[in-house]
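Nothing fancy with the numbering, it's 1 onward along the sequence. Quick caveat: nothing in here was measured; it's all calculated off a predicted structure.
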Amino acid sequence: MKGKRAVFIGGLIFTVITSIMRVINPMLHRQIIDDVIIPQNTSPLIKILIIMMIVQLVRLGLTYLTKIMMEIASTDVMTRVRRNMYETIQWQDHFFFGLFPVGNLMTRMTQDLERLRHTVAWVSYQFIGAIVLFISTFTFYLIINWQLALCLVAVTPFILFISHRFKIRLRPRFQLLRQKLTSLGTAVTENIDGNRVVRAFSREEHEINKIEKHNADFRDTSCENALVIAKYQPFLETFGQLLMVIMLVVGGIFLIKEWMTPGEYMAFSSLTWALYYPMYMLGPLLADIEQYTASGEMIREVLETPKSISDTEESIELSKEACTRPEGKIEFKNINLSINGINILKNINFTAQAGKTIGILGSTGSGKSSIVNLLMRFYKPDSGEILLDGIDTQKYKLSSLRRHIALAMQDVFLFSDSVKANIAYGVPDISDEKTEKRAKQADADNFVREMPDGYDTLVGERGVGLSGGQKQRIALARALALEPSILILDDTTSSVDIETEHYIQNQLNNLDFKCTKIIISQRISSFSKADLILVMDKGCIIEQGTHNELLNSNGFYRHIWSLQQNIESGYVL
């Protein structure tokens, strides 16, 4: 509520004032009957009518202002919480996204936050207003005729008991409904993301049935919740209607026996709704509060998820200036990594000198990309140290560390923006000349210029309309635009032809800025001239050396080279 707390509190204060003001005109009604109509004294009538009109106008004005203030406060709360959730998500590691799929997070950041806004804007306003209206009306009743007042509120304990039972039944029901909604959102998002696979395997009918199952589960749970609400709501309304009966019977007796004046009876009668309304609204308000509680737990679960990787007060800020940028020396010392109890990397040791090229080769699942993820601090190692220029990467600020490391992956993600904006994503203020220069180095300039609007051509969502090779070259240009101290190419040229790959390799060997290059590839030709090549298998480095050294060792590396050269190696796997 920080920032708009005063607006929210002001709205609640106005809610209290307007609720109390509802009692004023019935008090004046009593005065008109007892002091004007019965004694036939019209002298105070004009004054009373003017006061009633002023009270009504002021109350309506404050009510209008209250609603505006509550909307402003609730929208601000929703905006702040959404920003906090997004910031929390941005700084989480890969484990977090394993716990919270995309569809799950989207539901929490949209529907759950809208429920939060609704609660702040409407439920709190109605709840406080109903309580104050009930208290002020009951106080007015006690002043006029405490015996009739006690008779009218005699049904209150029964309403509170039913409301308590209602609340107990609703809470688990709404939590279950929220889980069904999350499952539905996750399934829909997953299906949309994988639509090409679905169509490629002609599984449209299967996916429709799967979504329908989630949809039906959500529908059935919603209907069951509605039945629970429908079951209790008549009881609450029945006890509320009892007030009318008590008013007619008991109030009539009091009036006949002259224990109260006609004006007092009229005031009582005209305010009976003020006791009935809070009781009538209790059911819907409790339902809304329980829905908010379920949504609030979902929001809190994201916000309170601890960051396994975060900065400390002693974290070192790497300089943004080119003249004082990191040299780029990388050292892995006794690194071990396990994920969900599975050993991914075991005792990894190697040193990459600044400005040199490192090649990493290995079968699928051997741990190649995990080395990159550790260097980028997407994961935290179980043990060991990763040093950059002799300092543990854990001691650097995350943002400054990643600012000096550029990553281009095989699975390219492009934003729904222009080609230029995608290349300049890491350096928004880059000049057009440098943008084109980096595109030429990635062999992307030619096909970009052939697009309808050149570098201003809008790229579809996730790069729709571009080939795999084109997307990879734009991603490479994006990495080069950062002019990093460490450049990581994770199968970046897997979708380009050999001629294009050779061109890119020559460009990478002649960059106008110094950087340490880590090249992950299944093609030995991608890093045959590397200063150090790591060969991995089952999370371990089984061979390392230069291209010639590894060929002479007659090991796994030579076997892969022989296969790619169509030469019989004689190596036994």
One pair to check against salt bridge (charged side-chain N to carboxylate O under 4.0 Å, His left out): K397 and E317. What are the steps and the verdict? CA-CA 6 Å; K397 283 190 176 181; E317 176 76 35; 3.8 Å; yes
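- At distances below 3.5 Å, at least one donor-acceptor pair connects side-chain atoms of D389 with backbone N or O atoms of E327.
- The closest donor-acceptor contact from the side chain of R473 to the backbone of A444 lies at 3.5 Å or more, if one exists at all.
- Under the 3.5 Å distance criterion, the side-chain polar atoms of S363 are left unmatched by any main-chain donor or acceptor of S366.
- Of the candidates D453, T457, D432, D432 is the only one forming a side-chain hydrogen bond (donor to acceptor under 3.5 Å, both in side chains) with K420.
- The backbone N or O of I72 lies less than 3.5 Å from no partner atom in the side chain of D76, so there is not a single donor-acceptor pair.
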Kindly indicate, with the supporting measurements, whether the criterion side chain to side chain contact (heavy atoms under 4.5 Å, CB included) is fulfilled by L113 and R117. CA-CA 6 Å; L113 283 178; R117 190 204 65 79; over 6 Å; no
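- Using a 3.5 Å distance cut-off with no hydrogens or angles, the side chains of Q441 and R438 do pair a donor with an acceptor.
- Of the possible donor and acceptor atoms, none in the side chain of D112 sits under 3.5 Å from a partner among the backbone N and O of I299.
- Between N422 and Y455, the side chains place no donor N or O within less than 3.5 Å of an acceptor N or O (distance only, hydrogens not considered).
- Q522 contributes a side-chain N or O that, together with a main-chain N or O of G362, makes up a donor-acceptor pair within less than 3.5 Å.
- Taking the six-membered ring for Trp and thresholds of 30 and 60 degrees, W561 and H547 have ring planes more than 60 degrees apart, a perpendicular arrangement.
- The backbone N or O of Y425 lies less than 3.5 Å from no partner atom in the side chain of R478, so there is not a single donor-acceptor pair.
- Looking only at distances, no side-chain donor or acceptor of Q507 sits under 3.5 Å from a matching main-chain atom of K440.
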Residues L551, Y557; criterion side chain to side chain contact (heavy atoms under 4.5 Å, CB included); working and verdict: CA-CA 7 Å; L551 287 181; Y557 182 86; 4.1 Å; yes
Considering only distance and modelled atom types, tabulate donor-acceptor pairs under 3.5 Å from the side chains of residues 210-217, sequence neighbours left out.
{"residue": "K210", "atom": "NZ", "partner": "E207", "partner atom": "OE1", "Å": "3.1"}

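- No side-chain heavy atom of S467 sits under 4.5 Å from any side-chain heavy atom of F447.
- Side-chain atoms of S383 and N336 include a donor-acceptor pair closer than 3.5 Å.
- A tilted orientation is assigned to the rings of H559 and F556, their planes being inclined by 30° to 60°.
- With hydrogens and angles ignored, the 3.5 Å screen pairs a side-chain donor or acceptor of Q505 with a backbone N or O of S525.
- Contact between A477 and I423 at its shortest, heavy atoms only, is O-CG2, 3.9 Å.
- By the 6.0 Å contact criterion, NZ on K329 is open, its count of non-hydrogen atoms from other residues, nucleotides or ligands being 12 or less.
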Please walk me through it: do R82 and E114 pass salt bridge (charged side-chain N to carboxylate O under 4.0 Å, His left out)? CA-CA 10 Å; R82 181 179 285 120; E114 176 57 29; over 6 Å; no
